[in-house]
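Contents: one structure, followed by commentary.
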Number of protein chains: 2
Amino acid sequence: MVTGHPSDRARKRAPSRRALETRDRVLDAAERVFAARGFDGATIRDIAAEAGEPVGSVHHHGGGKACLFAQTVARRAEALSAARLAALETARAEGPPRVEAVVGAFMRPFFELAEGDRRWRDYARLVALVSADARWRDLAAEWFDPTAEVFIGELARLTPGAPRRAVAAGFVFAVSAMLALLTSAGRIETLAPGAADEGDLERLIAFCAAGLVAGAGAGD
Amino acid sequence: MVTGHPSDRARKRAPSRRALETRDRVLDAAERVFAARGFDGATIRDIAAEAGEPVGSVHHHGGGKACLFAQTVARRAEALSAARLAALETARAEGPPRVEAVVGAFMRPFFELAEGDRRWRDYARLVALVSADARWRDLAAEWFDPTAEVFIGELARLTPGAPRRAVAAGFVFAVSAMLALLTSAGRIETLAPGAADEGDLERLIAFCAAGLVAGAGAGD
DNA sequence: GTCTATATGTAGATAGAC
DNA sequence: GTCTATCTACATATAGAC
């Protein structure tokens with residue numbers, strides 16, 4: 001799958017400010033449309049209309065549909081990783097953290113970013129798409145696996161004796177649960193009508209922390 | 001989204017045996033192709049080629065793409081629910097079961113069906129697609145929610161004092177983790193290279209059971 | 001860099017012979 | 001019921017004027 005923008009190879013000069021704004025508008029629109037309709041369900045035309053740009057402009061700045069998708073995923077990945085790693089450092093500052101604090105360091109930054117910012121909620125849907133679709137495995141490996149390794153390593157240190165496979169499995173389960181809450185809180189509402197959603201994040205963290213501890217000793 | 005087959009309204013007579021076989025071949029092919037490429041990524045032509053049928057035949061038996069998808073989801077839903085409810089009855093036979101037994105009754109039947117049967121593994125991908133995409137909410141509500149209600153009710157009985165919202169949230173987290181393992185065990189392999197996958201199901205059940213108990217008291 | 005126009009392929013659906 | 005041929009729409013992508 002081609003994901004490199006053509007201009008990466010032969011960029012002649014720095015783009016103008018207006019060009020950068022256009023590029024941002026295109027990426028913002030792509031983020032919304034990919035989040036709403038998935039990769040195959042989205043069309044360049046949808047994105048162009050959403051951005052208020054002509055179709056050709058989306059191609060020019062995006063470098064093709066797959067490359068455009070890859071760019072939207074990459075754009076916020078570093079900020080997300082940085083926030084998570086900073087939270088982990090904070091948790092580690094006073095000696096070995098508890099499992100719950102490590103899980104919180106991974107999850108809370110994403111929810112804080114998503115709270116009140118539609119763009120990060122849309123981005124969460126992109127992350128869920130990438131995680132669920134083997135076609136984007138390379139993208140996931142590039143942008144998400146390094147941080148995952150750090151957290152898995154930290155969790156392994158806190159659950160001595162647990163095989164790495166058990167910790168990795170628990171981490172994958174936890175990420176799935178996190179993405180479910182980030183992208184479809186409505187599903188919980190359907191099964192528990194009328195209740196408020198305050199506290200779901202705390203429930204998620206408690207769920208995953210307890211699960212990681214219990215899973216570390218199971219299945220061997 | 002239209003999901004009713006035209007012949008539902010004016011079926012003149014029972015279909016011949018050959019027609020039924022054709023219909024089954026079409027549904028089998030649709031299941032494979034939808035599982036591999038998603039709803040938007042799949043095409044009627046892919047399905048026709050996979051089934052060894054002409055394109056028109058797929059339209060005739062499927063009643064359109066959306067209806068065909070709905071049929072593939074519906075086809076195995078009752079068998080899955082029945083297996084789960086039977087397992088729950090077995091667990092309940094000797095007094096109140098433990099949370100872990102209830103989680104196992106929900107999850108084990110699906111893994112047992114998927115083990116060694118590619119069609120059920122493909123079906124798991126369809127279930128994951130339906131769960132993640134709001135567009136299929138009605139389909140999920142029709143085929144999966146009733147069983148979910150039964151299990152949530154049982155779990156609520158076993159965690160007295162927990163608000164229903166907490167139990168429902170835990171159930172959604174557990175289902176997400178289950179679908180992650182059913183549909184992309186390879187993701188665990190990436191993060192824990194070389195290790196075998198024996199025991200992941202036990203880890204999943206331990207993870208979710210502990211998470212449900214811990215989540216029941218959190219977030220309030 | 002931007003935008004119009006267009007090239008080329010393929011999608012879902014259907015009509016009508018057999 | 002089956003299968004061929006076709007309709008209509010829209011997809012991605014690009015060429016080239018400005």
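Just so you know, these numbers use all the heavy atoms, side chains as well, and skip hydrogens, waters and symmetry mates. Lettering of chains follows the sequences in order, A, B, ..., and the numbering in each one begins at 1.
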query: With the sugar-phosphate defined as primed atoms, P, OP1 and OP2, and the base as all remaining atoms, what B/S/- string results for nucleotides 7-12 of chain C, 5' to 3', for protein heavy atoms under 4.0 Å?
result: ----BB
message: Holding to side-chain contact (heavy atoms from CB on, under 4.5 Å), I want the full list of residues that pass it with B:Glu154, two or more places apart in sequence or in another chain.
response: B:Leu88, B:Arg92, B:Pro97, B:Val102, B:Arg157
- prompt: Who are the ring-ring contact (aromatic ring centres under 6.0 Å, His included) partners of B:Phe151, not counting sequence neighbours?
  reply: B:Phe106
task: Looking only at non-hydrogen atoms, find the nearest pair between B:Gln71 and B:His61 and report the distance.
output: NE2-O, 3.7 Å
task: Find the distance A:His60:NE2 to C:dT2:C1' and express it as a whole number of Å.
output: 8 Å
message: When you compare the side chains of B:Thr147 and B:Ser81, does any donor N or O come within less than 3.5 Å of an acceptor on the partner?
response: yes
query: Between B:Glu21 (CD) and D:dG1 (P), how many Å, whole number?
result: 13 Å
- prompt: Nearest-Å distance, CG (B:Leu20) to C1' (D:dT2)?
  reply: 15 Å
task: Kindly state which residues belonging to residues 27-35 of chain A come within less than 4.0 angstrom of DNA chain C, counting heavy atoms of the residue only, listed by number.
output: none
- line: For B:Ala128 and B:Leu179 the tightest heavy-atom approach is CA-CD1, 3.9 Å
query: Picking from D:dT2, C:dT2, C:dC3, which would you name as closest to the side chain of A:His61?
result: C:dT2
task: Please determine if a side-chain N or O atom of B:Thr22 lies less than 4.0 Å away from the OP1 or OP2 oxygen of D:dG1.
output: no
message: How many whole angstroms separate atom CD1 of A:Ile47 from atom P of D:dC10?
response: 17 Å
message: Applying side-chain contact (heavy atoms from CB on, under 4.5 Å), can you list everything that pairs with A:Glu78, at least two apart in sequence or on another chain?
response: A:Trp143
task: Could you tell me which non-hydrogen atom of A:Lys65 sits nearest to which non-hydrogen atom of A:Ala42, and how far apart they are?
output: NZ-O, 2.8 Å
query: Can you name the ring-ring contact (aromatic ring centres under 6.0 Å, His included) partners of A:Phe34, sequence neighbours left out?
result: A:Phe39, A:Phe69
